[in-house]
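Quick notes on the structure that follows.
Quick caveat, the model's predicted, so the values are computed rather than measured.
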Amino acid sequence: MSLLPESRCQALRDALPFLTIGEVLGGGAGGWVLAAFDESSHQRLAVKVLAEGPLRDPRARGRMRTEGEILTTCRHPNLIHGFTFDEFDDMSVLVMERVDGETVLQRSLGSRLPVTDACGIFSATARALHQVHEHGFLHGDVKPENVLFDPAGRHRLIDFGLARRWPFPVQQQVAGTPWYMAPETILAGGALVPATDVYALGMMAYELLAGHLPYPPADGPIGIMRQQLEVTPIPLAAAAPHLPLALIVLVTAAIEKDIEQRIASAEEFADRLEEIDLSAM
């Protein structure tokens, strides 16, 4: 983790005089997230600020602007609440709710989650995604490490660093986590739509229910993306035969390679999921 220069920290204090700025919670070459406290409301907050290098990159500033717009306009219990986003000549700053907790990835390491718990994660994530989609954005990187258990046990979809407006035309730059990238994310010439996030949600669902992803190990990102395009996934019915048939059908429909055959919306995914009888699980 790179240290926040004192000059940048002082500039942050000057820009946000109503907050007490605390320790660095995380960060790297792209920027930092710092703890903050609002004395007037007695609320613990987090402040994200771009590093100086990305600050000079219009694409990096654009990504943070998009993240700020999503968090300050989309309101849902399974999202992080953003309070303000401000841009200055030498600083881009997002003030948001601070939510500490364990990610789904951390919670699932070494043991498979109970099916009912896993389905609760999928439902919450799908509902949060639908809210984001309704505001005209895609998340772009749905995966177990981007869903958080907050201290109250609520699931929160986090990390909108790759979010963008939809429909988004695919050009030459591929962005995302290869194991969760839909085929249309990899191929130039298509457009990314809500069903693209549904695919990533379906991959996460398959992984948590089966204990592994639906493809054998591959050689690096290129090999992984080639499987997303060309290889038939291992049937969930074979990987996890104990699951209800309706759940197997739902997850299989979410990871269809052909976007025309895939579940079209996160809302449809959530609605169908919540109709499945899990009482015997």
Report yes if the side chains of Phe149 and Val104 come closer than 4.5 Å at any heavy-atom pair, otherwise no. yes
Is there side-chain contact between Arg75 and Leu79, with heavy atoms separated by less than 4.5 Å? no
Counting N and O atoms only, with roles assigned by atom type, does the side chain of Glu39 sit under 3.5 Å from a partner on the main chain of Thr20, one being a donor and the other an acceptor? no
Go through it in stages, so that I can follow the logic: the residues are Glu69 and Arg65, the test is salt bridge (Lys or Arg N to Asp or Glu O under 4.0 Å), and I'd like the CA-CA distance, side-chain angles, deciding distance and then a yes or no. CA-CA 6 Å; Glu69 187 175 354; Arg65 191 178 301 120; over 6 Å; no
Nearest heavy-atom neighbours spanning Ala266 and Ala126: CB-O, 3.3 Å
When you look at Thr66 and Arg165, which way does the side-chain contact (heavy atoms from CB on, under 4.5 Å) test go after all the steps? CA-CA 8 Å; Thr66 297; Arg165 285 198 171 274; 5.8 Å; no
Spell out, as yes or no, whether a donor-acceptor pair under 3.5 Å connects the side chain of Tyr206 to the backbone of Ile234. yes
How does the hydrophobic cluster around Leu162 look, that is, which other residues are in it when side-chain heavy atoms under 4.5 Å mark a link? none
Given side chains that start at C-beta, do those of Pro194 and Trp166 come closer than 4.5 Å, heavy atoms only? yes
Correct closest heavy-atom pair for Pro244 and Ile276 would be CB-CG2, 4.3 Å
Is the shortest heavy-atom distance from the side chain of Ile70 to the side chain of His135 under 4.5 Å? no
Taking every non-hydrogen atom, the tightest pair across Ser111 and Arg107: OG-O, 4.3 Å
Under 4.5 Å between side-chain heavy atoms, hopping through other hydrophobics if needed: is there a path connecting Phe37 to Phe83? no
Determine, using the 4.5 Å side-chain heavy-atom cutoff (strictly less than), whether Leu208 and Val249 are members of one ILVMFWY cluster. no
Applying the side chain to side chain donor-acceptor pair (under 3.5 Å) criterion to Arg156, which one of Asn78, Asp150, Thr125 satisfies it? Asp150
Check this for me: does any side-chain nitrogen of one of Asp100 and Arg44 sit under 4.0 Å from a carboxylate oxygen of the other? yes
Atom CG of Asp219: over 12 foreign heavy atoms under 6.0 Å: no
Between His133 and His139 (side chain of the first, backbone of the second, donor and acceptor by atom type, cut-off under 3.5 Å), is there such a pair? no
Distance, nearest 0.5 Å, that separates CG of Asp141 from CZ of Phe160: 10.5 Å
Could you tell me whether the side chain of His242 reaches within less than 4.5 Å of the side chain of Val115, counting heavy atoms only? yes
Step by step, would you call Ile263 with Arg272 a side-chain contact (heavy atoms from CB on, under 4.5 Å)? CA-CA 10 Å; Ile263 294 173; Arg272 289 175 57 177; 3.9 Å; yes
Of all the heavy-atom pairs spanning Leu94 and Met64, show the shortest one and how long it is. N-CE, 3.6 Å
I'd like to know if Leu236 and Leu245 are part of one continuous hydrophobic network [Ile/Leu/Val/Met/Phe/Trp/Tyr, side-chain heavy atoms within less than 4.5 Å]. no
Got more than 12 heavy atoms from elsewhere within 6.0 Å of CD, Glu260? no
Say you draw a straight line from CG of Asp277 to CG of Leu247; how long is it, rounded to the nearest 0.5 Å? 11.5 Å
Test Asp38 against Val95 for side-chain contact (heavy atoms from CB on, under 4.5 Å), laying out the working first. CA-CA 11 Å; Asp38 186 338; Val95 179; over 6 Å; no
Backbone N/O of Cys119 and side chain of Ser123: donor-acceptor pair under 3.5 Å: no
Backbone of Gln228 reached by a side-chain donor or acceptor of Lys257 within 3.5 Å: yes
Validation row: Val132, Asp197 side chains within 4.5 angstrom (heavy atoms): no
Can Tyr215 be reached from Val251 by stepping across I, L, V, M, F, W or Y side chains whose heavy atoms are under 4.5 Å apart? yes
Working to the nearest 0.5 Å, report the span between OG1 of Thr196 and CG of Leu201. 12.5 Å
Heavy-atom side-chain contact between Asn146 and Thr177 under 4.5 Å: no
Gap separating the CD atom of Glu184 from the CZ atom of Arg262, nearest 0.5 angstrom: 4.0 Å
Decide if atom CG of Leu109 counts as having more than 12 heavy atoms of other residues, nucleotides or ligands within a radius under 6.0 Å. yes
Restricting to non-hydrogen atoms, name the atom on Ala240 and the atom on Leu209 that form the minimum distance, rounded to 0.1 Å. CB-O, 4.0 Å
Point-to-point distance, once rounded to the nearest 0.5 Å, from CZ of Arg112 to CD of Glu207: 11.5 Å
Would you check if Leu250 and Phe269 make a side-chain contact, meaning some heavy-atom pair closer than 4.5 Å? yes
Would a single hydrophobic cluster contain both Met204 and Leu105, if residues Ile, Leu, Val, Met, Phe, Trp and Tyr are joined by side-chain heavy-atom contacts under 4.5 Å? no
Enter the distance from Leu229:CG to Leu187:CG here, rounded to the nearest 0.5 Å. 5.0 Å
If you compare all heavy atoms of Glu97 against all heavy atoms of Ile80, which two are closest, and at what distance to 0.1 Å? O-CG2, 3.6 Å
